[in-house]
Amino acid sequence: MLSRTSGGGGFEREGGMRIFFVTDVHGSDVCWRKFLNAGAFHKADVLIMGGDMTGKAMVPIVATPTSWEVTLQDERHELATEDQVRAMERRISDRGYYPVRLSREEVDAWAADPELVDRRFKAEIVHGVERWMGMADDKLGRTAIRCVVSPANDDMFEIDPVIERTASVMLGEGNTIPLDGFDLISTGWANPTPWNTFRELPEDQLAARIDGLVKEARDPHRAIFNFHAPPYGSNLDGAPKLTPDMKYVAGGQAIVPVGSHAVRAAILRYEPVLSLHGHIHEGRGAVKLGRTLAVNPGSAYEDGVLQAAIVDLDSQKGAVKRYVLING
Amino acid sequence: MASVSQAPSLFLRNATGLVKGWSGFDAFTYSFMSVNLVTLGMYFSFLYVSSAADGSMLSSIVISGIAVTFLCVAYAGLIAVMPRAGGDYVWQSRVLDGIPGIVSGAVMVGVGGFLVGTAIGGDTLGIIGGIVGVIGGGALGYIKGGLAFVLAATGWWFILAQWAPIYGSILRVEFLQPLAALVGSTDGVTFFSSANGNFVTSLIVIVLTTGLVSLGMAGYARIQKWSLYIGLIGLAVMFVLMLVSSQADFQTAFDKASSSLFGVSGAYNAVVTAGAGANTDLAPFGIGSGTFVLIPFMMFWILYPNWGATLYGEVRGSSDFKRVLRGMLAGTWVTVVLAVVFLILAAKTFGWAFFSSTGAQVYSSTPVIPIWGYPPLLVSFLIDNRIFQIGMVIVFGAWFLGWSGTLFLSSTRMIFAAAFDRVLPEAAARVSDERHVPWVALLLIMVPSVVVSAVYAYWTPFASYTLDASLVIAVMFFGTAIAATILPWWKPDLYQKSPIARYTVVGIPLISIGGAVTVVVLGWVIYEWLAVSTYGIGVETPGSIIYLGILYGIAIVMYVVAYLYRRNQGVNLDAIHSEIPAE
């Protein structure tokens, strides 16, 4: 007999397994904190982070003889006290950027030498993920909630070992993780983008990588794909079209499919029960491809809003019972 | 690791989605074509100058432009605060909750219930409808996303079914009928004046706009840009001809064309005589009561510079806010200036009494000439060459082509959003495998459009409900304006972290000023539409009120059914927008 209970977020539980899936938080501290709390709030059994978890920008907080200066979102702030600096650092972190305290000379040196910027970026990203993993241990260490984190194309490789050695978190990338009769298969590698990011593969190589991963699953029909790139032409992959000089066409109104053909083919071929995606922040949605429910919760990390998909799975039938996309 | 750009205030690395923003000209194009002087302004709003004997058309346009400026501020602000949210539906869902949601829902649905009840069964039923509306609307506003769904589904989806035959009418009177007349097809003119012609034209529009949505905005954007260039060239030619021609020249040309095309002699004087007593003075600086009668007519076309507000990508700073705002304001004010220039030239070249009377002729049962005096057609008569005249009408067709493609685009986006929020079945968001066309969403707007087009063509009173098409959108904007007004106080975390938090006027957030003024302006305009018989959709037209009641009723029923059905599945729609605690 299945028991029905009301979840903290208002969604009823009826046995089975509940997955809480988010993606593309891009360094937003507030989104990460919400993610860690979502298990208790929404009565989820498994938390999955689909990748692109690291930030895209560093914001220098520049020392002056008497204060600190920072420009955020085109607005210049002068910070007189340590409390004000810390509050600003938190605001910057919540937005997904890395606050860095620098002298004026260091800013000038960074402007002249991209290598210095790269080095600090790497340090900030690794340090940020280490901090987040520490928070995960604190929040989830004494609970039964399982947490899977799978880096994606915007995440440098150095963060994988940080995740792997975290006690309360499982590394998704390249691993097959059994979950209550299902197998979670993850990869953050994506089809090529205009930005030439860390984990990109041509479609044929991406297909081969996916095939290799699926072979590890006990039953592809009981697999859960956690592939960062959404399937091509699925409505989960509509992104603003760009000009060759990287500007939006038609003021951002022209939306074109940019997903992966390899991912689409794999879904249709293996027919997993569920396929989780991200990558395209504007591509929020859920569609049926064959017998598979494919989901992209989208991302609004800049607003501090955690967009997520809650999916209840029936372990006995090997099927999706229900799902909902939320703005948490 | 490769870094791509450096700046003293921000160091970026290579990462997906980092772009250089968008061209301000693109934002202007979309806004300018949405506030369309030729298709919307000339066709409908300017026809009604004769409705206000002492009204100044110029003043009404400028005042409307000032009012819409505040709307632009509110929308540009919301885009900057929640750039990827997707427009009115999500903005309202996120902001209009708690007490503001309850009050907004109770007031809006309560007023609606009262009006519909009164229209159906008099005062008693009106009071009952009002009470039910207050309670039901309050409950709807209490549920996060409930009121937002009703306002956005009606404003971005249902009402666009009515816009389809309105677009059809515009295509008919600005393109098909003039061309038929110019090629000497009396049968064509007669057919397009008939109910069948009306319906067929609406079907052409539905097929055309569906095709353009299928083409996708990426393809349509090119069409739109070329349409803008061609349309502006046509407008420039028109202005020059009006500038260099005298009223006597025009009278001669109009009489000659009317004689050769329609066999009507002395047409100019006949038109002026037919409109005797109407608005006979351009009254450039008038702000009499007639001017304020005209403003709600002007809102029919000038209200939409924010039409492209659904998506602007990743907004990173206040400079992006200013760029969005500039695009909308340029779309508004370039149109206002062009409208003022056009009207001054119309008074000079056509004669204001003639121009005013031409508008009234549209609704005459015995018009002097059998087609509307479409201004570009009238101006083309100044060149006594049929090829030029046909070319002029075709060139001005670019104003229609560059504008019509977005008719169903917003509907499909709204339907997707509702499907993803589980209010509609997931099938509503299905796209075709081959060309990725959102065919279910298109069907959900096409089928109602065909039905409404048939009603529009074959049931005469419905055609007079044209302003309902603007009213429903204005009500949705009204809800969003409330959200913009209260945002800084009701959702301070969201607001304070946004790039517009620093914009204040005497300590009051700019977005709240924009929102509050818009609430007042739209509140007044909606009141005028509903209370004054001149507009043909208010309390003295029960059919219009009942029609509006049906629209909002369907949306409310749809949401309530979805709410109960999903609850039975264990999915609480209210919880979709529940914020997860961060601490």
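Sequence lines set the chain letters: A, B, ... in the order given, protein chains first and strands last, and positions in each chain run from 1.
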Chain B heavy atoms under 4.5 Å from [X]: which part of the residue, side chain, backbone, both or neither?
X: A:Arg284; value: both
X: A:Val70; value: neither
X: A:Phe20; value: side chain
X: A:Phe35; value: neither
X: A:Asp29; value: neither
X: A:Leu306; value: side chain
X: A:Asn153; value: side chain
X: A:Thr54; value: both
X: A:Arg120; value: neither

*Between the side chain of A:Asp154 and the main-chain N/O of B:Ala15, is any donor-acceptor distance below 3.5 Å?*
no
*Judged by atom type as modelled, is there a donor-acceptor pair below 3.5 Å linking the side chain of A:Arg322 to the main-chain atoms of B:Gln569?*
yes
Kindly compute the distance separating [atom1] ([X]) from [atom2] ([Y]), expressed to the nearest 0.5 Å.
X: A:Leu36; Y: B:Ile580; atom1: CG; atom2: CD1; value: 10.5 Å
X: A:Glu69; Y: B:Ser9; atom1: CD; atom2: OG; value: 12.0 Å
X: B:Tyr503; Y: A:Glu75; atom1: OH; atom2: CD; value: 8.0 Å

_Less than 4.5 Å to any heavy atom of chain A: does that hold for the side chain of B:Ser93, its backbone, both, or neither?_
neither
*Can you tell which part of B:Arg422 gets under 4.5 Å to a heavy atom of chain A, answering side chain, backbone, both or neither?*
side chain
_Qualifying residue, where the test is ring-ring contact (aromatic ring centres under 6.0 Å, His included) with B:Phe11 and the options are A:Phe121, A:Tyr97, A:Trp110_ = A:Trp110
_Name of the residue among B:Lys491, B:Lys497, B:Arg94 meeting side chain to side chain donor-acceptor pair (under 3.5 Å) with A:Asp303_ = B:Arg94
_Steps toward side chain to side chain contact (heavy atoms under 4.5 Å, CB included) verdict (A:Val324, B:Ile576)_ = CA-CA 8 Å; A:Val324 67; B:Ile576 285 174; 3.6 Å; yes
*Is the shortest side-chain N to carboxylate O distance from B:Glu579 to A:Lys34 below 4.0 Å?*
yes
*asked:* Under a 4.5 Å cutoff for heavy-atom pairs, which residue among A:Asn235, A:Thr71, A:Val59, A:Thr193 has the most contacts with chain B?
replied: A:Asn235
Grab the two heavy atoms, one from [X] and one from [Y], that are nearest each other, plus how far apart they are.
X: A:Arg33; Y: B:Ala582; result: CB-O, 3.0 Å
X: A:Val287; Y: B:Ala429; result: CG1-O, 4.4 Å
X: B:Pro581; Y: A:Phe41; result: CD-CD1, 3.6 Å

*Is there any residue in residues 220-228 of chain B with a non-hydrogen atom under 4.5 Å from a non-hydrogen atom of chain A, and which ones are they?*
B:Ala221, B:Arg222
*asked:* Would B:Arg13 pass as a cation-pi partner of A:Tyr98, given that its NZ or CZ must be under 6.0 Å from the six-membered ring centre and within 45 degrees of the axis?
replied: no
_Non-neighbouring partners of A:Val256 that pass side-chain contact (heavy atoms from CB on, under 4.5 Å), sequence neighbours left out_ = A:Lys241, A:Val258, B:Ala218
